[in-house]
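Read the structure below first, then the notes.
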Amino acid sequence: MEAPPEAFYEALLAWYARNAPDLPWRRARDPYQVWLAEVMLQQTQVATVLPYYERFLSAFPTVQALAEAPLERVLKLWEGLGYYSRARNLHRAAQRLVAEHGGVLPQSAEALRKLAGVGRYTAGAIASIAFGQPAAAVDGNVMRVLARLYDYAVPVQSGEGRRALWQLAERMAQAAPRGAAAAYTQALMDLGREICTPRAPRCEACPVSAFCRARAAGTQAARPVKQPKPPTPHYAVAAALLRDDSGALLMARRPLEGLLGGLWEFPQGRAREDEPLEAALKRALREKLALEIGVGAQLLKVQHAFTHFKIALHVYACQLQGGEPRALGYADWAWIALEASDQLAISRADRRVIAFLKENSARLL
DNA sequence: AACTCGGGGGA
DNA sequence: TCCCCAGAGTT
């Protein structure tokens with residue numbers, strides 16, 4: 001697949017000049033701000049990112065400020081945005097940048113790629129948007145746009161599909177007009193988000209429809225080709241509410257790696273197949289916190305969907321029967337007053353439990 | 001190459 | 001309900 005003619009770039013860039021939405025990170029001349037935006041935008045829609053971006057940048061206006069902050073504060077500002085390894089990697093990369101490069105980002109995609117949390121896409125995006133280099137940046141939007149432009153029938157998630165589209169994107173970035181790298185990269189992504197949408201693409205409004213082979217063949221709805229996805233499993237999880245004499249609740253911090261790493265939650269565990277929830281809860285508290293508990297009434301059930309599975313979180317009022325908490329399967333634990341939980345980074349499901357407790361505190365106490 | 005890792009927007 | 005989103009890291 002060869003790069004399109006000059007007229008393609010002219011049409012695309014003219015459309016972008018007229019239609020580019022005024023996003024905060026596009027006003028930014030600071031590469032750190034571009035970096036932050038690109039990381040937040042990984043697998044996350046623009047509308048979702050906007051408030052997080054503003055809050056985060058206010059709290060940490062520079063690489064130095066981010067590097068000096070405790071990870072807990074960074075995670076708190078990331079709470080609800082998901083994929084928390086992004087926050088941990090961003091923090092780690094900022095600390096390395098300050099320690100080894102004076103807090104200044106490198107300009108080449110190759111050097112950027114070495115930063116924690118910066119992969120091929122993000123490196124190309126920063127290099128082109130912040131530094132004006134002719135680097136390719138292939139995200140989900142661009143993948144879709146290119147597959148349609150070239151009526152590409154190989155599944156885009158396959159190795160062959162990714163290789164071919166990245167190679168095409170590199171050629172296209174090289175062939176883009178000098179000095180237009182930043183506009184070109186963002187124009188392609190905007191086109192995918194606003195015109196070349198996953199379902200019902202608006203071909204009649206597309207500035208480059210004349211160059212689109214899928215449009216010509218009428219196959220745009222069938223591009224890109226995706227592989228079928230397996231069904232998502234459903235798990236039952238039980239959580240314990242334990243109070244100390246002052247009414248504070250026992251909470252625990254998840255290990256820094258893995259799902260929801262570093263976030264706080266009510267002590268909980270997944271039930272094995274055919275395992276009663278009460279038994280699973282007793283086992284979880286014993287294995288993760290070295291506690292023996294009595295399990296009382298179930299207070300509520302919270303449904304929560306992750307990307308690859310769903311859980312039903314059953315929350316029980318419990319009593320401490322023996323032992324002193326030890327963080328065996330957790331990174332830490334603490335007795336937390338309900339109001340003080342606002343200061344912690346907590347996952348969505350457990351936030352809903354807290355909201356329930358606040359609403360019903362009078363009845364429950 | 002396959003698997004893991006959140007949460008929400010929009011149809 | 002389902003698909004998808006400015007993907008990266010690990011195995």
Side-chain angles (χ1 to χ4, degrees), chain A residues 20-21 23-26 34-53 75 78-90 92-93 112-130 135-145 155-163 166 169 182 184-194 196-201 221 224 226-234 254-263 265 303-311 345-352:
Chain A
L23 299 170
W25 45 87
R26 292 194 174 162
V34 175
W35 175 29
L36 174 63
E38 289 305 330
V39 172
M40 284 191 166
L41 285 162
Q42 288 168 9
Q43 296 298 102
T44 311
Q45 296 185 349
V46 170
T48 304
V49 165
L50 282 171
Y52 283 90
Y53 177 81
L75 282 174
W78 210 272
E79 180 188 301
L81 198 54
Y83 285 114
Y84 298 93
S85 64
R86 294 185 295 177
R88 299 194 302 271
N89 285 332
L90 189 70
R92 182 152 36 103
L112 287 162
R113 183 76 177 72
K114 293 190 169 66
L115 297 173
V118 177
R120 192 173 180 185
Y121 161 77
T122 305
I126 299 172
S128 64
I129 295 170
V138 181
D139 67 348
N141 288 313
V142 174
M143 196 78 82
R144 188 172 58 252
V145 169
V156 290
Q157 292 118 320
S158 69
E160 182 191 351
R162 271 204 292 263
R163 257 194 315 278
W166 265 98
Y184 166 72
T185 294
Q186 296 173 94
L188 216 48
M189 291 191 282
D190 275 19
L191 188 72
R193 193 181 67 241
E194 295 173 14
C196 200
T197 50
R199 279 169 296 198
K226 300 235 165 179
Q227 284 151 342
K229 215 175 48 175
T232 62
H234 196 290
R254 298 176 64 99
L256 282 179
E257 297 77 31
L259 186 71
L260 305 171
L263 271 63
E265 67 184 15
Q303 304 280 353
H304 186 66
F306 292 86
T307 305
H308 296 292
F309 61 95
K310 297 179 179 180
I311 66 165
I346 295 171
S347 83
R348 212 61 176 170
D350 285 75
R351 272 284 168 225
R352 281 192 226 160

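Since the structure is predicted, the reported quantities are computational estimates derived from the model, not experimental observations. Letters go in sequence order (proteins before strands), and every chain restarts at 1.
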Subject >> Spacing of A/Asp350 atom CG relative to B/dG6 atom C1', expressed in whole Å >> reply: 14 Å
**OP:** Tell me which nucleotide among B/dG7, B/dT4, C/dG7 gets nearest to the side chain of A/His308.
**Re:** B/dT4
Subject >> Nearest-Å distance for atom pair CD/C1', residues A/Gln43 and B/dG7 >> reply: 11 Å
Original post:
Using atom C1' of each nucleotide, how far apart are B/dC5 and C/dC5 to the nearest Å?
Top reply: 14 Å
Original post:
Does OP1 or OP2 of C/dG7 have a side-chain N or O of A/Gln42 closer than 4.0 Å?
Top reply: no
**OP:** Return no unless some side-chain N or O of A/Ser158 is found under 4.0 Å from OP1 or OP2 of B/dA1.
**Re:** no
Original post:
Any side-chain heavy atom of A/Leu23 within less than 4.5 Å of one from A/Tyr53?
Top reply: no
Subject >> Nearest-angstrom distance from the residue atom OH of A/Tyr52 to P of B/dG7 >> reply: 9 Å
Original post:
Is any side-chain heavy atom of A/Met189 closer than 4.5 Å to a side-chain heavy atom of A/Val142?
Top reply: yes
Extract from the structure each pairing of a protein N or O with an N or O of nucleotides 9-11 of chain C at less than 3.5 Å, listing the distance.
from, atom 1, to, atom 2, distance (Å)
C/dG9, OP1, A/Gly117, N, 2.4

Subject >> Between B/dA2 (C1') and A/Lys226 (NZ): distance, integer Å >> reply: 16 Å
**OP:** Could you please name the option among C/dA6, B/dG7, C/dC5 that lies closest to any side-chain atom of A/Leu41?
**Re:** C/dA6
Original post:
Any side-chain heavy atom of A/Val34 sitting closer than 4.5 Å to one from A/Trp25?
Top reply: no
Original post:
Which residue, A/Glu160 or A/Arg348, contacts DNA chain B at a nucleotide closer to its 5' end, judged by nearest heavy atom?
Top reply: A/Glu160
Subject >> Reported CD-to-OG distance for the pair A/Gln42 and A/Ser85, which is rounded to 0.5 angstrom >> reply: 8.5 Å
Subject >> Partner residues of A/Arg193 under the salt bridge (charged side-chain N to carboxylate O under 4.0 Å, His left out) criterion, sequence neighbours left out >> reply: A/Asp190
Original post:
Between C/dG7, C/dA6, C/dC5, which nucleotide gets closest to the side-chain atoms of A/Asp190?
Top reply: C/dA6
Subject >> side-chain hydrogen bond (donor to acceptor under 3.5 Å, both in side chains) partners of A/Asn89, counting only residues at least two apart >> reply: A/Arg92
Subject >> Separation of the P atoms in B/dA11 and C/dA6, to the nearest angstrom >> reply: 14 Å
Original post:
What pairs with A/Arg163 under salt bridge (charged side-chain N to carboxylate O under 4.0 Å, His left out), at least two apart in sequence or on another chain?
Top reply: none
**OP:** Return one dot-bracket line describing DNA chain C 5' to 3' (Watson-Crick or G-U wobble pairs, both distances under 3.5 Å; ( ) same strand, [ ] crossing, | another strand, . none).
**Re:** |||||.|||||
**OP:** Classify the side chain of A/Thr44 versus the base of B/dG6 as yes if they form a donor-acceptor pair under 3.5 Å and no if they do not.
**Re:** yes
Detail all sub-3.5 Å separations between protein N/O atoms and N/O atoms belonging to nucleotides 9-11 of chain B.
from, atom 1, to, atom 2, distance (Å)
B/dG9, O4', A/Gln45, OE1, 2.9

Subject >> Nucleotide nearest A/Leu23 (side chain, heavy atoms from C-beta), chosen from C/dA6, B/dG7, C/dA8 >> reply: C/dA6
Subject >> Residue mapping more 5' on DNA chain B - nearest nucleotide basis, A/Gln227 or A/Phe309 >> reply: A/Gln227
**OP:** Strictly below 4.0 Å, heavy-atom distances to any atom of DNA chain B: list the hits from residues 81-88 of chain A, or just say none.
**Re:** A/Leu81, A/Gly82, A/Tyr83, A/Tyr84, A/Arg86
Original post:
Can you name the side-chain hydrogen bond (donor to acceptor under 3.5 Å, both in side chains) partners of A/Tyr121, sequence neighbours left out?
Top reply: A/Glu38
Subject >> Residue pair A/Arg26 / A/Gln186, side-chain donor-acceptor N/O under 3.5 Å >> reply: yes
**OP:** Take atom P in B/dG6 and the same atom in C/dT11, then report the distance between them in whole Å.
**Re:** 16 Å
Original post:
What residues form a side-chain hydrogen bond (donor to acceptor under 3.5 Å, both in side chains) with A/Arg254, not counting sequence neighbours?
Top reply: A/Glu265
**OP:** Look at all strands and tell whether A/Arg193 reaches a base, only sugar-phosphate, or nothing, counting heavy atoms closer than 4.0 Å.
**Re:** base
Original post:
Looking for any heavy atom pair under 4.0 Å, which part of the strands does A/Trp78 touch: base, sugar-phosphate only, or nothing?
Top reply: nothing
Original post:
Which residue pairs pass the salt bridge (Lys or Arg N to Asp or Glu O under 4.0 Å) test when at least one of the two sits in residues 116-130 of chain A, sequence neighbours left out?
Top reply: A/Arg120-A/Glu170
Original post:
Charged N to carboxylate O under 4.0 angstrom, A/Arg351 versus A/Glu79?
Top reply: yes
Subject >> Integer-rounded Å distance: C/dA6 C1' and A/Gln186 CD >> reply: 10 Å
Original post:
B/dG7 P sits how many Å from A/Lys310 NZ, rounded?
Top reply: 15 Å
Original post:
Would you say the side chain of A/Tyr84 lies within less than 4.5 Å of the side chain of A/Trp78, judging by non-hydrogen atoms?
Top reply: yes
Original post:
Between B/dG7, C/dA6, C/dC3, which one does the side chain of A/Lys229 approach most closely?
Top reply: C/dC3
Original post:
Out of B/dC5, C/dA6, C/dC5, which nucleotide sits closest to the side chain of A/Leu259?
Top reply: B/dC5
Original post:
Please give, in whole Å, the distance from C/dC4 P to A/Met143 CE?
Top reply: 13 Å
**OP:** Classify the nucleic acid contact of A/Thr185 as base, sugar-phosphate or nothing, counting any heavy atom under 4.0 Å across all strands shown.
**Re:** nothing
**OP:** With sequence neighbours excluded, tell me which residues meet salt bridge (charged side-chain N to carboxylate O under 4.0 Å, His left out) with A/Arg86.
**Re:** none
**OP:** Please report, rounded to the nearest Å, how far the C1' atom of C/dA8 is from the CG atom of A/Leu112.
**Re:** 15 Å
Subject >> Any residue meeting side-chain hydrogen bond (donor to acceptor under 3.5 Å, both in side chains) with A/Thr48, in chain and number order, not counting sequence neighbours >> reply: none
Original post:
Would you say the side chain of A/Val39 lies within less than 4.5 Å of the side chain of A/Tyr83, judging by non-hydrogen atoms?
Top reply: no
